[in-house]
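Working notes, structure below.
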Amino acid sequence: MISDADPLRPYRVRRERLLAHMAAQGGGVAVVPTAPERERNRGTDYPYRPDSQFYYLSGFREPEAVLVLVAGATPRQLLFCRSKNGEQEIWTGFLHGPEAAAERFGFDEAWPIEELDRTLPGLLAGQPALWTGLAANPDWDRRILAALASARANVRTGIGAPRTVHEISAELDEMRLIKDEIEIALMRRAGKISAAAHCQAMRTTRPGRFEYEIEAELLRVFRAGGSQFPAYPSIVASGPNACVLHYVDNERRMADGEMLLIDAGCELDGYASDISRSFPVNGRFSDPQRDLYQLVLAANHAARAAIRPGNDWNAPHEAAVAVLTQGFVDLGLLAGKTEDLIETGAYRRFYMHRTGHWLGMDVHDAGQYKVDGRWRPFAPGMVLTVEPGCYIRAADDVPKAFRNIGIRIEDNALVTADGCEYLTEGVPREIDDIEALMRE
Ligand code: GLY
Ligand code: MN
Ligand code: MN
């Protein structure tokens with residue numbers, strides 16, 4: 001058995017919570033597969049990452065694994081995984097094998113993955129419901145529906161089969177929305193590593209260098225900090241590239257007088273961070289750059305101040321939009337009354353995305369933004385991004401000084417009992433602090 005000090009205990013606690021949710025809704029069997037391995041090209045796979053839901057419930061990182069939870073009077077927790085295989089382990093490394101995996105990861109039983117298809121119909125027999133994720137992976141859909149069909153084919157023997165299929169994401173997404181202590185600790189560490197990487201990017205950026213050189217600095221600090229992957233492809237976008245929201249080519253040479261927008265975050269033990277900073281390539285903000293930067297910074301502050309229990313999901317976005325739209329008018333980028341420009345959405349010409357998203361194992365994390373048609377209220381333990389920006393593409397009606405400037409200031413906020421805490425304080429946000437760091 002696992003002890004309280006066991007780092008894998010939280011995963012078992014999560015499985016027990018899910019089992020309790022299932023039992024409260026009539027019980028049944030949950031079947032959750034991990035992610036498939038995917039070929040990148042001949043002879044090379046994409047780096048393997050477990051499925052978020054599977055990993056959330058198991059802590060198990062090997063491919064080809066499926067967990068099965070049976071709710072009811074005597075709940076059972078089963079893992080199907082790869083068998084020990086001396087020959088294969090020489091090539092691709094250690095495999096736990098079912099016996100060691102059950103012991104280490106706190107499952108009641110574990111079986112070779114080859115047994116899954118033969119065993120599943122029996123596990124479904126006599127159960128009221130199947131809980132699984134459908135319509136995400138056609139191979140899984142086929143496999144689990146075949147098991148269900150097989151269980152149903154036996155009903156003539158008098159043994160029932162699930163009559164209900166529940167989308168398990170509905171339960172798991174709600175659980176994942178509120179982070180537990182283990183998750184928060186990991187997200188703090190991920191935020192620290194990513195902040196250090198952004199500081200390194202600020203220190204090493206200068207005119208004449210290429211965007212990819214700065215990307216390399218980011219990746220080095222991520223990996224040196226123990227992160228396994230970037231949480232998403234890093235955006236290192238100088239000059240006009242900063243106005244392309246998902247620019248990831250990162251191959252342009254940066255010039256004096258331009259701004260650089262970096263959106264990059266590491267993934268640590270399955271948890272993402274997601275930071276954006278924008279700063280002048282030469283280390284000194286020009287007046288127009290300063291004007292736009294201060295505007296986005298004011299929007300970041302306003303959004304942050306709106307994050308607290310009692311407010312709903314949309315409050316930070318509304319706060320940011322109000323600040324930005326007023327600023328666009330003050331700077332001569334938009335003409336008209338601020339309320340009208342908000343009402344008609346005219347501000348979207350320069351600010352076309354939302355002010356944040358849930359953050360967790362997935363960069364755009366699990367969890368509904370509306371419940372029963374209403375924006376969701378904040379609660380302690382939620383983690384979200386705060387990422388106002390402005391993107392001023394060149395156009396005849398745009399003042400020359402503002403053309404080709406793209407700015408985003410993105411932080412990661414943990415909702416607390418009376419407000420929020422930024423997990424990304426390790427990289428400067430204020431102009432003086434950025435300029436000081438870039439002088440180092
Ligand atoms: N880096 C992805 C995002 O900001 O949503
Ligand atoms: Mn983001
Ligand atoms: Mn981002």
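Note that ligands are numbered from 1 as they come in the structure, with each ligand's atoms numbered from 1 the same way. Since the structure is predicted, the reported quantities are computational estimates derived from the model, not experimental observations.
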Check: What is the closest protein heavy atom to atom 3 (C) of ligand 1, and at what distance does it sit?
Finding: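 Answer, as residue, atom name and distance: D274 OD2, 3.3 Å.
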Next item on the list: Identify, for atom 5 (O) of ligand 1, the protein heavy atom at the shortest distance, and state residue, atom and that distance.
Entry: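 Atom 5 (O) of ligand 1 sits closest to the protein heavy atom H364 NE2, 2.7 Å.
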Check: Is the NZ or CZ atom of R290 positioned over Y293's six-membered ring, under 6.0 angstrom from the centre and within 45° of the axis?
Finding: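 So R290 doesn't make the cation-pi contact.
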Check: Is it the case that R14 places NZ or CZ above or below the six-membered ring of Y56, under 6.0 angstrom from the centre and within 45 degrees of the axis?
Finding: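 Yes, R14 sits over the ring of Y56.
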Margin query: In this structure, does ligand 1 have an atom that sits under 4.0 Å from one of the heavy atoms of H353?
Written below: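 Under 4.0 Å: no for H353.
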Check: How are the rings of H96 and F60 set to each other: parallel, tilted or perpendicular (split at 30° and 60°)?
Finding: tilted
Check: Which atoms of ligand 1 sit under 4.0 Å from any heavy atom of E410?
Finding: 4 (O)
Check: In terms of atom number and element, which parts of ligand 1 are under 4.0 angstrom from non-hydrogen atoms of D263?
Finding: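 Checking each atom against D263, I get 1 (N), 4 (O).
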Notebook entry, point to check: Quick check, are the ring centers of F107 and F105 under 6.0 angstrom apart?
Noted result: no
Next item on the list: Could you grab the angle centred on the Mn ion (ligand 3), going from OD2 in D263 to OE1 in E410, to 10°?
Entry: 100°
Next item on the list: Verify the distance criterion only: is there a donor paired with an acceptor across the side chains of R49 and S52 at less than 3.5 Å?
Entry: yes
Check: Counting distance only, does the side-chain N/O of N250 pair as donor-acceptor with the main-chain N or O of V236 below 3.5 Å?
Finding: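 Side chain of N250 to backbone of V236: a pair is present.
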Next item on the list: Measure from the side-chain N and O atoms of Q53 to the backbone N and O of D173, and report whether any donor-acceptor pair falls under 3.5 Å.
Entry: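 Checked: no pair found.
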Item checked: Nitrogen or oxygen of H357 less than 3.5 angstrom from that of ligand 1 ->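 Indeed, backbone or side chain, H357 has an N or O that close.
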Check: How open is the angle at the Mn ion (ligand 2) from atom OD2 of D274 over to atom OE2 of E387, rounded to 10 degrees?
Finding: 160°
Next item on the list: Could you confirm whether H364 has any N/O/S atom lying under 2.8 Å from the Mn ion (ligand 2)?
Entry: no
